[in-house]
Amino acid sequence: MLTVQFLSTVRLGVKSLMLHKLRSMLTMLGIIFGVCSVIAMLAIGEGASYEAQEAIKRLGSNNILINSIKPPEDTKQSGAGRGMMLDYGLTYKDGSRIQTTIPGVKRVLPMRIIRENVRFNRSEVPCQVIGTLPFYTEVVGLEVVRGRFLSHVDEVHANNVCVLTVGLAQRLFPYEDPLQHSVKVDAFYYRVIGLVRETGTAEQRPQKAKTEGEPIDNNLYIPLATSRTRFGEVLMRRSAGSFEVERVELHRITVQMEDVSAVETADPQIKTVLSRFHDKNDFEVIVPLQLLRQAERTKQIFNIVLGSIAAISLLVGGIGIMNIMLATVTERTREIGVRRALGAKKRDITTQFLVETVVLSVGGGLIGVVVGILTPFVVSHLTEMKTIITVWSVFLAFGISGAVGIIFGLYPANAAASLDPIEALRHE
Amino acid sequence: MTASPHELMLRIVGLRKTYELGGDNRVHALCGVNLNVERGCYLAIMGPSGSGKSTMLNLLGCLDRPTAGQYFLGDEDVSRMDDDELSEVRGQRIGFIFQSYNLIAQLTVLENIQVPLFYQGRNLKESHDRCVELASLVGLADRLDHRPNQLSGGQQQRVAVARSLVNDPLMILADEPTGNLDSKTGAEVLDLIDRLNRGGKTIVLVTHDDRVASRAHRIIHMKDGLIDREVVNRQIEQPGPAAVLQNS
Ligand SMILES: Nc1ncnc2c1ncn2[C@@H]1O[C@H](COP(=O)(O)OP(=O)(O)OP(=O)(O)O)[C@@H](O)[C@H]1O
Ligand SMILES: [Mg+2]
């Protein structure tokens, strides 16, 4: 009985709103935009932070990355004179020091990264020659497609073997099967023993500075010992007439910790240990876990900012509704008087106008939910940004729209109910 | 007064209504009116503009509370009721017919007739049948789905008459019901009201028109918030108790 009466109140509300279709539609627009922006913005924010977090997670949250960097004061020197030798960066000793002094270290992976051209028959392709150890695959994401990765035996004997990334192999060997062929780097030949595909992210891949715009999966892996004997510690680089001579032992050390909890204590310890032997500022420490934490904080702030913007638009929508409802009450004063004369109690009038406002805002909310769910898809489609619609954001947005209707509807509804019946009946 | 002692529909004693206009400004719209109305009576209120006719009718209709005095509807003292109780009295025992029809624009004829039942929480299916019946009583059975703005003034007033009847009230109050109508359509509406009265409803009607008032059993003339004189129309048969019991 009560629900029947409630339903007919809702029907009446819809009918009254349909009397001014354009006006009701425009009023709803505020709520539609509000709800739509809550859902869409949260979806975009969620998507962006998801991507960032995934990228960092792939770096390995129990890894610590240490890169050699050219100290800024040395850069100036090298510009001043030709043939000056730069001596900087991580050393083999740094690696063993970290291994022995820092508690909780599982593995220390050293890497030498040298830019060179690789040749096979008449084709010549620029690439990164990476000297590293067999457990590279376990520390950094790498998928062996064919053959095998470097082995312990290769390392001990400093074998002239190499593993190519798939992209590089395709460029070097358009027709032949690369396995068991030999490729030439500088003056030496290396036998291809395997093909791999990089699965890590750009940051994670071995990459020297200033390689933007070049393919990053152009890698050729050789045993670390081979890299030392074939290339030596002193590296020469010719560029536009002048040439640079650098002495760099290792370009990167990846420290894998036993578990995530050890990462944050190890980070300052590593810095202390290294800075004791490096008076120049020639290394940087990257902690993916901290990046992850930072990304989470950024996401929170992002969500708060987006949420506030959306909340403000809902607030504006609510004020719009209240404004229209107040106008409606004035316009329908006579109707209110008639209803009161015909037996309506104050609370009947309150209910009627409140239901009308809620119909307006919830109707807007529903349309907003639909538009809000569609918007992220369009955004993803047009910008390749990842978007994630969370269920709670839909409920939140819809709930807020209902609440807006009630909050902003109460005042006009009470104003309507408190009209004096006789005054209302006399109203023109 | 009437020859046969009928049951009283309403009784007002020393009824006053004073409007405070701020400061020492007061308007005494009613200055202590006494009046008895019997069940089944057809009463017309006449008088110059500003004499307090509408004020009186509003008080009788429980739309307002008197400043002083008592108003008994049946044997209940309405002047002491709170707002919700007054709403209930209006919804259950009183029917209103206004000069300007006062139909609700967004509702159809049928829905307009239904409004008073809606506030009584009545079963809609049941009330639907009653509303159709009333619509045909006032000759609008073929206009059920029309909106008020699609009807002539006379038709709208007939819808209002049907609406005033839907809750089966004891008393129907009409403030210049023919004021906006030409004499022919006005007469049609008045014929309807006559029929209701013959069916047993008590009618209180405010008018400026002698011909309208001549249909009533009793005519009271008001002046400056008081009943100036009363005329009993002897040409019209007052309904006996038998007719009162008969339901329309
Ligand atoms: N809300 C109000 N505030 C102040 N004064 C009022 C109010 N309502 C009525 N009055 C005054 O009360 C007096 C009686 O008014 P009422 O409306 O009862 O007259 P009436 O007899 O119906 O006149 P008419 O024939 O013109 O309709 C008038 O002097 C009027 O100015
Ligand atoms: Mg009047």
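Under the 4.5 Å side-chain criterion, counting only non-hydrogen atoms from C-beta, B:R90 is in contact with A:R340. Side-chain contact between B:R163 and A:V338: present, with at least one pair of heavy atoms (C-beta onward) separated by less than 4.5 Å. Contact of the B:L107 side chain with the A:L12 side chain is registered, since non-hydrogen atoms from C-beta on lie closer than 4.5 Å.
Around CG of B:D75, the count of heavy atoms belonging to other residues, nucleotides or ligands within 6.0 Å does not exceed 12. With a 6.0 Å radius and a threshold of 12 heavy atoms from other residues, nucleotides or ligands, A:F377 has its CZ atom at or below the threshold.
At a 4.5 Å heavy-atom cutoff, the contact between B:L63 and chain A is made by backbone and side-chain atoms alike. Heavy atoms closer than 4.5 Å to chain A are found in the side chain of B:E111, but not in its backbone. Residue A:E423 does not touch chain B at all, counting heavy-atom pairs closer than 4.5 Å.
Of residues 23-39 of chain A, not one residue has a non-hydrogen atom less than 4.5 Å from any non-hydrogen atom of chain B.
In terms of heavy atoms, A:A344 sits closest to B:S87 at O-OG, 3.2 Å. In plain terms, the two heavy atoms of B:Y119 and A:G343 that are nearest each other are CB-O, 3.8 Å. When all heavy atoms of B:F96 and A:A341 are compared, the pair lying nearest together is CE1-O, 3.3 Å.
Taking CZ of B:F118 as the start and CG of A:L342 as the end, the distance is 12.5 Å to the nearest 0.5 Å. Atom CZ of B:F98 and atom CZ of A:R334 lie 9.0 Å apart (nearest 0.5 Å). Of the inter-residue distances, the one linking B:I104 atom CD1 with A:E335 atom CD reads 4.5 Å to the nearest 0.5 angstrom.
Of the listed residues (B:D64, B:D83, B:V115), the greatest number of heavy-atom pairs within a distance under 4.5 Å of chain A belongs to B:D83. Chain B forms the most heavy-atom pairs under 4.5 Å with one residue out of A:L425, A:L19, A:I422, A:T9, and that residue is A:I422. Among the candidates B:G91, B:P169, B:G95, the residue making the largest number of heavy-atom pairs closer than 4.5 Å to chain A is B:G91.
Ion pairing between a basic and an acidic side chain is recognised when a charged N comes within 4.0 Å of a carboxylate O; A:K346 and B:D82 show no such pairing.
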Do any side-chain atoms of residues 400-412 of chain A form donor-acceptor pairs under 3.5 angstrom with protein atoms, and if so which ones, sequence neighbours left out?
from, atom 1, to, atom 2, distance (Å)
A:S401, OG, A:F398, O, 2.6

